[in-house]
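Read through the structure below, which is laid out as structure tokens, and then see the notes.
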Amino acid sequence: MEMASYKAVIVGSGFSGICQAIKLKAAGINDFIILEKAGATGGTWRENTYPGAECDIPSALYSYSFEHNPNWQHKWSHQDQIIDYINHCVNKYDIEPHIRYHQEMTGAEYNSESGSWLIRTKTDSYEADSLIIAVGQLHHPSVPVIPGAGSFNGLTWHSAQWRHDVDLTGKRVGVIGNAASAVQFIPEIAPVVSDLTIFQRSANWMIPKVEPETAEWRRRLSAKMPLLHKINRMRLWLTGGLMFFLMGNNQLAKKVGTWYSLRHMKKQVKDPVLRKKLTPDYPIGAKRILFSDNYYPSLTLPHVHLETEQPESFTNEGIRTKDGKTHHFDVVIYATGFITNPFLKNMEIKGLSGERIADAWSEGAEAYLGMTVTGFPNFYIMYGPNTNLGHNSILIMSEAQANYITQCLVMKDQNNWKSIMVKKEVQDSFNKEIQSRLKNTAWNQLTQSWYRVEGKITNNWPGRTMEYNRRTKKVKWSDYWIS
Ligand code: NAP
């Protein structure tokens, strides 16, 4: 059977992949498919269904700039509303016919003679002139290896693989981890379980969320007057830009942020011993700042315990901590995040002369503008190396990337170019600049976090989204080898 061949293959149908598909279609490129590993769209919002899952960026900003939704019920939308929004976009822009479900990409090889990519999934092969990887950074659950896990008589699961078939009412539950996912589901399960212990390795900086429901009249007004929505979006975007000061080295901003966060804790936690445990020992901004109004109050419930002794091993009854104490559980939930490094884990991608991307990135992933990699022609990454944000909506980055990649594909098409590949010196000088700027950020004040591989911060963008938008607005063709 002849292999199906396309102008482009997009991998992943989360926010980035769908955005890219919409932009390609708008530019007149219809000859593409999206390979999706699961049976539905939505990416991280399909995978993370834990109780209380919601976005910690306001939805008016965590949505496409070109697709206003006046119907958000909350300022910070819940997972199901976000999935509805993605499905709405898929239907409205007629993306569904392009999606191939249950097609997990395992590898891809560039053919320098034909200038095309051979893409392999677990069951099929495809050919494409351009390959666009839009698989995100947060989808391989990270589960720490704790000795004796197999001997535990209770149940365990990861927050991204929630067991909705298990009723936690009256159960003794342990949670390992206390970051973005944990602070959303702990307030949901705390009232129903009989006993809850949270194992905290490090405390987090947290600020209030204030979650107003969006009143019916505001939704109607927003539908009738899209200009109001645009003004609100602009306001949220600029506020996000201000938060960037916390990620840098602005001492005044850090003082204000620290004061605000501690005041939030003081208002909600009266016990000074608990407050001490909850106070981070690193500067604000060095890890993702969390937003929550209901996490601290749930810790003050009499049957909820914050444990700072670390799990040493599982027993058949629960978890033994390093101080020798055994905690008895029916269920243990890992809220331990995702394997973010190496990038593009489980994908064997070979570029010019068969070079493996894993080898090109042996000292940590890097790309030009987070999107293109020297040695890998006609190859693009969305939400790639050094494009993660700690202060604003990642969808602003996705849209900028989709526009940039679309320009590349349109020019390739119009001019019948065989290949486009970023020049090595351009990529090198870009990354030198990025790494040097990252040294002056709060992220560099921690030696270990999911943002870095050993000494190198591979995940975060060192500036504001405004700068990224400016630098990606128009492709500078002199940055590329074109044939
Ligand atoms: P995470 O931010 O990586 O946090 C993992 C937690 O588990 C941390 O508390 C970490 O402690 C702890 N941990 C990891 N390994 C451990 C070990 N071996 N022993 C003990 N504790 C361990 O994961 P997440 O909360 O699932 O969030 C992942 C990312 O998803 C976030 O950073 C965020 O970008 C995103 N997210 C976004 C939203 C949203 O609303 N947009 C919601 C949820 C998640 P340490 O802090 O000490 O490392």
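Counting starts at 1 for both ligands and their atoms, in listed order. This chain uses plain numbering: 1 for the first residue, then up along the sequence. Remember, predicted model here, so these are calculated numbers, not experimental data.
Residue contacts with ligand 1 for Ala160 are absent, since no atom lies close enough (heavy atoms, distance under 4.0 Å). Only the side chain of Tyr50 comes within 4.0 Å of ligand 1, counting heavy atoms alone; its backbone N, CA, C and O stay farther away. Contact annotation for Gln184 and ligand 1: only side-chain heavy atoms (C-beta onward) come within less than 4.0 Å of the ligand. If you look at Gln310 next to ligand 1, the close heavy atoms, those under 4.0 Å, all belong to the side chain.
Here's the thing with Ala180: one of its N/O atoms is less than 3.5 angstrom from an N/O atom of ligand 1. Polar contact check, Trp45 against ligand 1: no nitrogen or oxygen pair lies under 3.5 Å apart. For Ala335, a nitrogen or oxygen atom sits less than 3.5 Å from a nitrogen or oxygen atom of ligand 1, counting backbone and side chain alike. Polar contact with ligand 1: present for Lys287 (N/O pair, distance under 3.5 Å).
Nearest to atom 40 (O) of ligand 1 among the protein's heavy atoms is Asp56 N, 2.6 Å. Of all protein heavy atoms, the one closest to atom 24 (P) of ligand 1 is Ser181 OG, 3.4 Å. Closest protein heavy atom to atom 17 (C) of ligand 1: Arg201 NH1, 3.4 Å.
With a 6.0 Å radius and a threshold of 12 heavy atoms from other residues, nucleotides or ligands, Arg320 has its CZ atom at or below the threshold. The number of heavy atoms from other shown groups lying within 6.0 Å of CZ (Arg275) is above 12.
Not a single donor-acceptor pair under 3.5 Å links the side chain of Glu366 to the backbone N or O of Pro385.
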Point to revise | Step-by-step side chain to side chain contact (heavy atoms under 4.5 Å, CB included) determination, Leu369 to Tyr404 | key: CA-CA 10 Å; Leu369 297 168; Tyr404 185 96; 3.7 Å; yes
Review point. Which is it for His328 and Asp195 under the side-chain hydrogen bond (donor to acceptor under 3.5 Å, both in side chains) test, yes or no, and what are the steps along the way?
Key: CA-CA 9 Å; His328 295 85; Asp195 191 83; over 6 Å; no
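Note: His391 and Phe245 fail the aromatic proximity criterion, with ring centroids not under 6.0 Å apart.
Proximity of Ile57 to ligand 1 is not established, as no heavy-atom distance is less than 4.0 Å. The closest approach between Gln200 and ligand 1 stays at or above 4.0 Å for every heavy atom of the residue.
When each of Arg100, Lys37, Glu36, His98 is checked for a side-chain hydrogen bond (donor to acceptor under 3.5 Å, both in side chains) with Ser13, only Glu36 meets the rule.
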